[in-house]
Amino acid sequence: MSYITIDDSKCKSCYLCIDVCPKNLIKKSTHTGKTGECIVEFSDSNNQCIACKQCAMVCPDIAITNVYKE
Amino acid sequence: MQVYTKPKSIKENSSFTFCSGCDHGLVIKLVAEVIDELNLQENTIAVASSGCSVFLYDFLDVDCIESPHGRACAVATGIKRATKANKNEKFVFTYQGDGDFASIGLGESLHSALRGENITVICINNTNYGMTGGQLGPTTAMGQITTTSPTGRNRAYHGFPIKAAEHIALCDGTAYSARVGVYNIKNIINAKNAIKKAFECQIKGLGYSFVEVLSSCPTNWRLSPSDSHRKIETELTQIYPIKVFKDITND
Ligand SMILES: Cc1ncc(C[n+]2csc(CCOP(=O)(O)OP(=O)(O)O)c2C)c(N)n1
């Protein structure tokens, strides 16, 4: 099981994380964030996330943290 | 178990005030990670410049000083020499925009490299004057449209752009000069290694170390953040090659 934390108050809807996720587990949500655009959400119902941390590395706002796999 | 967390030297509860998708945040994060890894937080004085880098002290949990436009290298020279003379030598780095480093401050920048000042310089090359609305800067590419070059940069009127990392590498006082990018994961890792190498040059007392980071400016380029990264990857790296131009630790 992998875990990632997305801080909704920091997400600026740049969607760079959506681009890099090799499993396409990050998507646009229906909630708007601080820029007025939809922020991102992570869902992994089939336990596909391998905690590669690319989403966190590419996030320019440090909105994605605590990425790990158990 | 490896957990990816916020770098310790980024202030708790601070969030970057940059535009959506701006690479400034990414680079500051890399700088903070290197400060943590080299255990420099307590012994560092960062010098911010005028431009989007100006708010560095809001984010980085190290001692910071603000310098007048273009004068970051001069201010850093003073701090480094004064702290050394007082036998309390600090680790000093500047964090500057390309307009700041390579246009208004070119004299300070070049001469501190020629003097071989033992400081580190991180220069964000986003090919325009970002903070003031995307005017043509010293690094604007030929043909690039900006608010002050609405028909594109042209040779007859604006002349050619400057290649900072190449010029700095030519200075005898330079220990390390590299150009990096943060437009994909591989380059983000390489950029962090280059920043670390530059910091280590200062720790070893080898002289001036310089890292130019090719960065995006989605707001002024009028592109989405991912299209901006593609533009860097396909267009800008052709003009500004990603390369280590000088590294005296390898010679
Ligand atoms: C002496 C002086 N001249 C002009 C300005 C206005 N000014 C503030 S920021 C800036 C542009 C900075 O651009 P750059 O260094 O490329 O950094 P960026 O904002 O793109 O990161 C200018 C011209 C100033 N603050 N001081």
Side-chain angles (χ1 to χ4, degrees), chain A, chain B residues 1-33 36 52 58-61 124 126 181-193 213 215-219 223-230 232-233:
Chain A
M1 181 83 183
S2 297
Y3 298 89
I4 90 170
T5 309
I6 302 183
D7 185 338
D8 292 353
S9 70
K10 288 193 174 164
C11 176
K12 288 199 199 122
S13 316
C14 71
Y15 308 134
L16 290 172
C17 51
I18 297 184
D19 281 1
V20 294
C21 180
K23 309 276 182 189
N24 295 323
L25 300 173
I26 305 180
K27 298 209 164 60
K28 280 188 203 179
S29 73
T30 48
H31 311 287
T32 48
K34 63 202 296 185
T35 61
E37 303 277 332
C38 293
I39 54 172
V40 297
E41 65 185 0
F42 170 79
S43 61
D44 185 17
S45 37
N46 296 329
N47 284 339
Q48 290 186 67
C49 176
I50 50 168
C52 67
K53 308 182 182 72
Q54 295 193 58
C55 52
M57 286 168 80
V58 85
C59 177
D61 287 290
I62 321 186
I64 304 180
T65 49
N66 295 326
V67 186
Y68 62 96
K69 193 175 171 68
E70 259 177 3
Chain B
M1 182 172 62
Q2 255 197 332
V3 186
Y4 188 99
T5 48
K6 177 189 78 62
K8 197 168 115 255
S9 39
I10 294 279
K11 283 187 182 163
E12 219 56 66
N13 302 323
S14 81
S15 23
F16 294 134
T17 44
F18 304 116
C19 308
S20 167
C22 172
D23 282 342
H24 264 293
L26 241 170
V27 180
I28 293 179
K29 180 167 75 171
L30 296 182
V31 169
E33 285 174 0
D36 288 356
C52 295
D58 275 347
F59 318 130
L60 264 193
D61 200 3
I124 306 299
N126 56 11
V182 285
Y183 52 86
N184 60 24
I185 296 292
K186 178 179 155 217
N187 279 278
I188 291 175
I189 294 169
N190 290 345
K192 182 173 165 186
N193 289 339
V213 188
S215 305
S216 65
C217 186
T219 303
L223 291 174
S224 74
S226 47
D227 286 347
S228 302
H229 278 176
R230 292 295 78 72
I232 297 177
E233 185 167 16

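Computed from a predicted structure; not experimentally measured. Naming: A, B, ... by sequence-line order, numbering from 1 per chain.
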**Student:** Is Ile28(B) close to chain A through its backbone or its side chain, or both, or neither, when contacts mean heavy atoms under 4.5 Å?
**Tutor:** neither

**Student:** Write down the atom of Gly21(B), the atom of Pro60(A), and the distance for their closest heavy-atom approach.
**Tutor:** CA-CG, 4.1 Å

**Student:** Between chain B and chain A, which donor-acceptor pairs sit under 3.5 Å apart?
**Tutor:**
from     : atom 1 : to        : atom 2 : distance (Å)
Lys12(A) : O      : Ser20(B)  : OG     : 2.8
Lys12(A) : NZ     : Phe16(B)  : O      : 2.9
Lys12(A) : NZ     : Phe18(B)  : O      : 2.7
Asp19(A) : OD2    : Ser226(B) : OG     : 3.3
Ala56(A) : O      : Lys29(B)  : NZ     : 2.7
Met57(A) : O      : Lys29(B)  : NZ     : 3.2
Cys59(A) : O      : Lys29(B)  : NZ     : 2.9
Asn66(A) : N      : Tyr4(B)   : O      : 2.6
Val67(A) : N      : Tyr4(B)   : O      : 3.4
Val67(A) : O      : Tyr4(B)   : N      : 3.1

**Student:** Looking at Val27(B), Ile188(B), Val182(B), Ile189(B), which one has more heavy-atom pairs under 4.5 Å with chain A than the rest?
**Tutor:** Ile188(B)

**Student:** If every non-hydrogen atom of Val58(A) is compared with every non-hydrogen atom of Leu26(B), which pair is closest and at what distance?
**Tutor:** O-CD1, 3.8 Å

**Student:** Please classify the contact between Ile64(A) and chain B as side chain, backbone, both or neither, with a heavy-atom cut-off of under 4.5 Å.
**Tutor:** backbone

